[in-house]
Structures are given as structure tokens and as C-alpha cells.
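Have a look at the structure below, then the notes.
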Protein chains: 2
Amino acid sequence: MPTPDRTSLDEIVDAARDLLEADGAEGLSMRSVADRVGVRAPSLYKRVRSRDDLLRLVAESTVAELAERLDAVATASAGGDPVLRLADLARTLRRFAHERPAGYRLIFAPPSGVALAPESLARATAALFALTAELAGPDDALEAARTVTAWATGFIAMELAGSFQLGGDVERAFEFGVSRIGKALARLAD
Amino acid sequence: MPTPDRTSLDEIVDAARDLLEADGAEGLSMRSVADRVGVRAPSLYKRVRSRDDLLRLVAESTVAELAERLDAVATASAGGDPVLRLADLARTLRRFAHERPAGYRLIFAPPSGVALAPESLARATAALFALTAELAGPDDALEAARTVTAWATGFIAMELAGSFQLGGDVERAFEFGVSRIGKALARLAD
DNA sequence: ACCTGAACACCGTTCAAGT
DNA sequence: ACCTGAACACCGTTCAAGT
């Protein structure tokens with residue numbers, strides 16, 4: 001005789017996401033997630049294949065949210081100065097990382113068993129890609145997008161890890177970087 | 001009655017480093033390290049405070065090695081074109097990351113309980129810092145160093161994580177990035 | 001069809017007992 | 001002074017038994 005469902009995949013992923021932000025990756029255990037949704041740990045395996053699979057689902061849901069936000073900013077600024085639009089996009093990424101550091105890290109520095117679908121990351125960086133094509137021209141668009149993405153994710157990763165230890169103004173360093181890189185891609189002097 | 005030492009801190013750190021590169025961070029357990037040096041896991045606690053402490057020691061030894069390599073390259077190229085010297089330094093960092101990906105990640109994306117001494121990272125980036133001061137001038141030296149470090153570590157992190165999924169030539173993207181950024185810091189056209 | 005308790009093989013870590 | 005086995009409180013995961 002079938003029993004009524006006591007939870008759902010969505011509820012599990014949301015609980016996992018909350019635990020991840022509250023307690024970090026090591027606080028997200030199958031037992032803690034199960035506790036939060038009101039079942040026992042073995043029941044989770046009816047809906048996810050493994051803990052890594054659950055982490056992947058959290059990463060997918062987080063990257064989809066990030067993509068939406070980046071798209072919204074790109075749309076709102078459409079037609080403006082590309083160098084300034086690039087800075088807007090980079091600030092949006094950074095703001096997202098500050099709001100959801102653990103989820104951000106899960107996307108851009110996933111543990112070995114967790115891999116996003118290639119399309120998911122591509123969708124999130126599509127707005128950026130369009131902008132770098134505009135800035136650097138179609139021949140260098142891919143290289144330019146990789147340069148910006150590498151800088152932004154590297155900057156944010158170091159910031160979140162507390163690696164900027166020499167003092168100075170982190171905001172200023174961010175603005176310095178995005179402005180110089182934006183201009184370099186457009187080959188503008190100064 | 002004292003028993004003779006059956007291992008040493010150096011031997012433990014070396015074993016941990018080898019296990020880290022061979023099996024990743026999750027393969028580095030106190031029991032596996034103990035096995036490798038021929039004692040039981042509880043004995044390790046005579047020489048390290050915790051597993052995180054052991055990871056920190058591995059990170060410190062790795063970053064010291066990296067610092068030596070970067071210094072050697074910087075010394076060898078002293079007096080040359082600063083933009084080319086910067087590219088040399090960046091390639092050296094990338095080569096190190098390819099040789100020792102797990103150790104590299106431990107330095108630039110350490111887990112939450114593992115923190116390098118501030119001086120260690122500063123010492124490793126000293127050569128880079130000197131070069132960016134030369135390129136961008138003393139007023140922007142810190143911001144310039146952060147821009148280069150962020151780009152290089154971000155690029156390598158994405159490469160190691162397999163995040164460059166749109167095809168294209170990763171070597172070309174690396175050379176494109178370092179050359180554009182180097183010139184941008186020096187404010188050179190093209 | 002979903003959920004559960006019990007169990008297995010692992011962890012990091014502590015500690016009393018051995019030499 | 002160092003090393004050990006035993007133990008504790010955790011893991012992820014499997015599986016037979018319940019409803």
C-alpha cells in the first residue's frame with residue numbers, strides 16, 4: 001500500500017541550499033538535510049543518487065538564479081557604454097558572491113565529484129560573452145570572455161578566502177581591475 | 001622509559017603531500033597518512049594539532065616551493081621587458097599548478113579551517129608585486145598586483161576545474177589575457 | 001511506492017594503558 | 001616521551017522489513 005510523500009525534491013534542494021549557506025559544505029550532511037525536511041537520511045536516496053548529486057542540484061539551482069540576475073542587468077543597460085556595462089555585470093557577480101558565498105564557490109570551484117552541465121555555466125556567462133564580443137570583436141570574443149571571467153572569479157575567490165592581506169582598498173582594486181581590463185579589451189588608451 | 005621516535009614531522013608532511021596529489025584532499029585521512037609513515041593515526045597528534053593543521057603545513061611547504069620558483073624566474077629575467085617578464089612569471093605559476101594541482105588549490109582556495117600565514121602568500125607574490133610596481137607605477141602597484149593575481153589564479157582555477165567548456169584554444173586564451181593585462185597595466189596601446 | 005531502523009565501512013579525535 | 005588499541009561521535013550508503 002503506497003504511503004503519501006512526506007517531502008519532495010524541491011524541498012530537499014532548498015533545505016540543502018540553506019544548510020550550505022548557514023554551515024558551509026561540511027554542515028550539509030545527508031542526516032542534517034533529512035532532519036530539516038522531516039524524514040530519515042535513507043529516504044533521501046529515493047530522490048537523489050548521492051550527496052554529490054544533491055550538491056550538483058544545489059549548484060544548478062544557484063547558477064540558474066545567477067544567470068537570471070546577470071541577464072536582467074545586461075538588459076537594463078543595453079545600448080550603453082560597453083566598458084561601463086562590463087563593470088555593472090562584474091559588480092552584479094560580486095554582489096551575488098557576497099550574498100551567497102558558499103553557493104558561489106560551488107559554481108566556480110566545485111569539489112571533484114560535482115560538475116555542472118556545460119550549458120548551465122554557458123547560460124550564466126552568455127550576457128558577458130555578448131558584451132566581450134562587442135568590446136574585443138568577434139575574433140577575440142572567446143579569449144576576451146575568458147580573460148574577464150578569470151579575473152572576476154579569481155578576484156572574488158581571493159576576497160572570499162581572505163587572501164587580500166596587504167591592506168589597501170579592496171573596492172578600489174576591483175574598480176581598477178575591471179576598468180583597466182575593459183579598456184584593454186577595447187584597446188582604448190587610458 | 002622513552003621509546004625511540006618512529007617518524008618525524010617532515011616525514012608526515014611529505015606523506016600528506018604525496019597523498020594529497022595522488023588521491024585528492026579526501027584521500028588524505030589521518031589513517032592513510034599514518035599508514036604511510038608506519039604508525040597508527042593517534043600518534044600523529046603528537047606532532048600535529050589536527051588534520052587541518054596538517055593541511056596547513058602542507059600548504060606552507062608548497063607555497064614556499066612556489067615562492068622559490070617564482071623568485072628564480074624573476075631573477076633570471078631581471079632587466080628585460082616588464083610585459084614579457086610578467087608573462088614568464090604567469091607561465092611559471094601555471095606550470096606549477098599543472099604539476100601540483102591539489103597543492104596549488106590548497107594555497108589559493110584553502111578549505112575554511114586552513115589558513116596560510118599572511119607572510120607566506122606575500123613572499124610568494126613578492127616578485128610579481130615588484131614587477132607590477134614597475135609596470136603600473138608605485139601609486140597603483142597594489143591594485144595592479146591584485147589584478148594580475150586575480151586573473152592568473154582565476155584562469156588556472158577554471159582550467160583545473162574544467163570550466164572552459166566552449167572549446168577554443170586555452171593556451172591562446174592564457175597568452176591573450178596576460179599580454180592584454182600586462183599592456184593595460186603599463187598603459188601601452190595594443 | 002515511500003519510509004524506516006539497523007548495519008557497514010569509513011571518518012577525526014580522545015584517552016588510558018603500555019613500553 | 002612516544003606509541004597503541006579501544007572507544008566516541010560522527011559520516012555516506014545499502015538493504016530488508018514495514019505500511
Side-chain angles (χ1 to χ4, degrees), chain A residues 1-60 102-103 105-106 110-115, chain B residues 1-60 102-103 105-106 110-115:
Chain A
M1 200 189 291
T3 53
D5 291 13
R6 241 164 274 189
T7 183
S8 67
L9 183 57
D10 277 358
E11 200 189 6
I12 290 168
V13 173
D14 283 357
R17 197 236 292 213
D18 292 350
L19 277 167
L20 179 72
E21 290 303 339
D23 303 331
E26 84 282 16
L28 192 170
S29 72
M30 296 304 271
R31 283 168 175 90
S32 66
V33 172
D35 265 7
R36 196 170 265 240
V37 301
V39 299
R40 299 297 191 160
S43 301
L44 300 179
Y45 291 86
K46 287 284 152 183
R47 297 187 166 83
V48 301
R49 228 189 317 267
S50 63
R51 180 175 180 274
D52 275 351
D53 191 37
L54 177 52
L55 283 173
R56 187 187 57 78
L57 291 166
V58 171
E60 290 286 0
R105 261 187 292 250
L106 197 57
S112 55
V114 180
Chain B
M1 199 190 291
T3 52
D5 291 11
R6 240 164 274 190
T7 183
S8 68
L9 183 57
D10 278 357
E11 200 189 6
I12 290 168
V13 174
D14 284 356
R17 197 236 295 213
D18 292 350
L19 277 166
L20 180 71
E21 290 303 339
D23 304 330
E26 84 282 15
L28 192 170
S29 72
M30 296 304 272
R31 284 168 174 90
S32 67
V33 172
D35 264 8
R36 196 170 265 242
V37 302
V39 299
R40 300 297 190 158
S43 301
L44 299 179
Y45 291 84
K46 288 283 151 184
R47 297 190 166 81
V48 301
R49 227 187 317 265
S50 63
R51 179 175 180 274
D52 274 351
D53 190 39
L54 178 52
L55 283 173
R56 188 187 56 79
L57 291 167
V58 171
E60 289 287 359
R105 261 186 292 247
L106 197 57
S112 55
V114 181

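Chain identifiers are assigned alphabetically (A, B, ...) following the order of the sequence lines, protein sequences preceding nucleic acid strands; residue numbering begins at 1 within each chain.
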Side chains of A:M30 and A:V48 in contact at under 4.5 Å (non-hydrogen atoms): yes
Residue pair B:R51 / B:L55, side-chain heavy-atom distance below 4.5 Å: yes
Smallest separation among heavy atoms of A:V58 and A:V13, with atom names: CG2-O, 3.9 Å
Presence of B:R31 side-chain N/O under 4.0 Å of C:dT13 phosphate oxygens OP1/OP2: no
Residue A:S50, side-chain atoms from C-beta onward, closest of D:dT4, C:dT4, D:dT13: D:dT13
B:R51 side-chain N/O to C:dT13 phosphate OP1/OP2 under 4.0 Å: no
Nucleotide nearest B:P42 (side chain, heavy atoms from C-beta), chosen from D:dC3, D:dG12, D:dA6: D:dA6
Consecutive Watson-Crick or G-U pairs in runs of at least 3, all under 3.5 Å, in which DNA chain C is involved: C:4-8 with D:12-16, C:12-16 with D:4-8
Value in whole Å for how far the P atom of D:dC2 lies from CD of B:E11: 15 Å
Residue B:K46, side-chain heavy atoms: nucleotide from D:dG12, D:dC2, C:dC11 that is nearest: D:dC2
OP1 or OP2 of C:dC3 under 4.0 Å from side-chain N/O of A:R47: yes
Sugar-phosphate only, base, or nothing, as touched by B:R49 at under 4.0 Å among non-hydrogen atoms: nothing
Close side-chain approach of A:D5 to A:R47, heavy-atom, < 4.5 Å: yes
Touch class at under 4.0 angstrom, heavy-atom based, for A:S8 against every strand present: nothing
Reported CG-to-CZ distance for the pair B:L28 and B:R36, which is rounded to 0.5 angstrom: 9.5 Å
Short side-chain N/O contact from B:R40 to OP1 or OP2 of D:dC2, under 4.0 Å: no
Shortest side-chain distance from B:T7, nucleotide among C:dT13, D:dC3, D:dG12: D:dC3
Phosphate contact (C:dC2 OP1 or OP2) by A:S43 side-chain N/O below 4.0 Å: no
Rounded interatomic separation in angstrom, taking CG from A:L9 and P from C:dA1: 18 Å
Whole-Å gap separating P (D:dC15) and CG (A:L44): 17 Å
d(CG, A:D23; P, D:dC11) in whole Å: 11 Å
Listed nucleotide nearest any side-chain atom of B:D5, set C:dT13, D:dC2, D:dT13: D:dC2
Test item: A:L106 and A:P111 side chains (from C-beta on) under 4.5 Å apart, heavy atoms: yes
Shortest non-hydrogen contact from B:V37 toward B:A15: CG1-CB, 3.7 Å
Distance, rounded to the nearest Å, where B:R6 contributes CZ and C:dG18 contributes P: 16 Å
Euclidean distance, atom CE of residue A:M30 to atom C1' of C:dC11 [Å, nearest integer]: 17 Å
Gap between atoms CG and C1', on B:L28 and C:dG12 respectively (whole Å): 12 Å
Touch class at under 4.0 angstrom, heavy-atom based, for A:S32 against every strand present: nothing
From B:L57 atom CG to B:L9 atom CG, the distance as rounded to the nearest 0.5 Å: 6.0 Å
Atom pair distance, as rounded to whole Å: OH in A:Y45 and P in D:dA16: 17 Å
